[in-house]
Number of protein chains: 2
Amino acid sequence: METNAAIDAFAALAQGTRMEVFRRLVRAGPEGLPAGGVARALEIPANTMSTHLAILERAGLVTSRREGRLVYYAAAFDRVRALIGFLLEDCCAGNPEVCGGVAEIARQAACCSAKPSS
Amino acid sequence: METNAAIDAFAALAQGTRMEVFRRLVRAGPEGLPAGGVARALEIPANTMSTHLAILERAGLVTSRREGRLVYYAAAFDRVRALIGFLLEDCCAGNPEVCGGVAEIARQAACCSAKPSS
DNA sequence: TCAATAATTCCAGTATCGTGGAAATATGGA
DNA sequence: TCCATATTTCCACGATACTGGAATTATTGA
């Protein structure tokens, strides 16, 4: 992942409303949620929500697809993985000894426990 | 890691100069670098650098210690790990299937290859 | 104590961001 | 075609961020 892409992603997540939106989209899974639904859930005007969603999308953290009158936004999980990879490599480069715990964190996360060490 | 702490960390990294500073500190290792050295290396005025370093420190991403006339800043590797953990848990929560690759990323990273699966 | 060096704080100018009202642009149904 | 609904775009206001000059605060050595 390129540095500028990572910076854009960090900037997108460095804002309370967008962080909350992103968390909801993550929890909604690959099918995502319609823009209006998120706006109503967070009690935020539709245009403001549209702006935030556009920022998340420009940062690559979410994708959108139109379904009839609704526009569904969904978390781009691969981009989150890429972002974690960026942090990992940035963290580990030249400092092997200080990053030992990350693989364990990943393995302990509920989602990854299904993947044994091989 | 609390959400607000993560937001502060993202905001701190969502800025070109600070990202570059942080990378240099990461590469410098636990002993860190003096503020002036980083400022000179990046050709940035000392006061501006001081502001950026303070933001990184408030975000918990770096620590500082005075050594004589110099103030050394060092990357807070445990906080980076916590940040990755935040992303992991936020990403994985409710979506086990989409996070499978993270443990592998961590394991493949040069720094973590020393740690076999146990 | 005084001078030199390192770093921070104070302050102001400019730029960018977050917000939401109003208008414009899809889309589907009658 | 016309209307209702969903979303986006346009625009402007206030708040916050980035930057660096000047002054201030440590710290060391003479």
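Here the structure is a predicted model, which means the values were calculated and not measured. Every chain is numbered from 1 and lettered A, B, ... according to where its sequence line falls, protein lines coming before strand lines.
- Residue contacts for A/Ala35: at a heavy-atom cut-off of 4.0 Å it reaches the sugar-phosphate backbone alone, with no base atom in range.
- Residues B/Ile7 and A/Gly16 come closest through the heavy atom pair CD1-CA, 3.7 Å.
- A 4.5 Å side-chain heavy-atom check between B/Val80 and B/Phe22 finds at least one atom pair inside the cut-off.
- Listed nucleotides: D/dT19, C/dT19, C/dA22. Nearest to the side chain of A/Asn47: C/dA22.
- Between the CG atom of A/Leu13 and the P atom of C/dC17 there is a distance of 15 Å, rounded to whole Å.
- Contact of the A/Thr63 side chain with the A/Tyr72 side chain is not registered, since no non-hydrogen atoms from C-beta on lie closer than 4.5 Å.
- For D/dG20, one of the phosphate oxygens OP1 or OP2 lies less than 4.0 angstrom from a side-chain nitrogen or oxygen of B/Thr48.
- Smallest separation of non-hydrogen atoms from B/Pro30 and B/Ala74: O-CB, 3.3 Å.
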Review item, side-chain donor-acceptor pairs of residues 31-56 of chain B, under 3.5 Å, at least two apart:
residue : atom : partner : partner atom : Å
B/Thr51 : OG1  : B/Asn47 : O            : 3.1
B/His52 : ND1  : B/Arg18 : NH1          : 3.3

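- Toward the 5' end of DNA chain C, the nearer of the two residues B/Pro34 and A/Ala11, judged by each one's closest nucleotide, is B/Pro34.
- Considering every non-hydrogen atom in both B/Val71 and B/Ser64, the closest pair reads CG1-CB, 4.0 Å.
- The shortest side-chain heavy-atom distance between A/Leu13 and B/Leu87 falls under the 4.5 Å cut-off.
- Going from atom CD1 of A/Ile44 over to atom P of D/dT8 covers 14 Å, rounded to whole Å.
- Phosphate proximity of C/dT19 to A/Gln15: present, with a side-chain N or O under 4.0 Å from OP1 or OP2.
- Separating the CD atom of B/Glu20 from the P atom of D/dT19 is a distance of 13 Å, rounded to the nearest angstrom.
- Between B/Met49 atom CE and D/dC18 atom P the separation is 13 Å, expressed in whole Å.
- D/dG20 atom C1' lies 16 Å from atom CG of B/Leu42, rounded to whole Å.
- At a threshold of 4.0 angstrom between heavy atoms, the contacts of A/Arg18 are confined to the sugar-phosphate backbone, with no base atom among them.
- Taking 4.0 angstrom as the limit, A/His52 places a side-chain polar atom (N or O) nearer than this to OP1 or OP2 of C/dT19.
- Nucleotide D/dA17 holds its P atom 18 Å from the CZ atom of A/Phe10, rounded to whole Å.
- Rounded to whole Å, atom P of C/dT8 lies 12 Å from atom CG of B/Leu56.
- Within a heavy-atom distance below 4.0 Å of DNA chain C, the residues of residues 66-74 of chain B found are B/Arg69, B/Leu70, B/Val71, B/Tyr73.
- Following rounding to the nearest Å, B/Met19 (CE) and D/dC18 (P) show an atom-to-atom distance of 13 Å.
- The 5' end of DNA chain D is approached more closely, in terms of each residue's nearest nucleotide, by A/Ala46 than by the other of B/Ile55 and A/Ala46.
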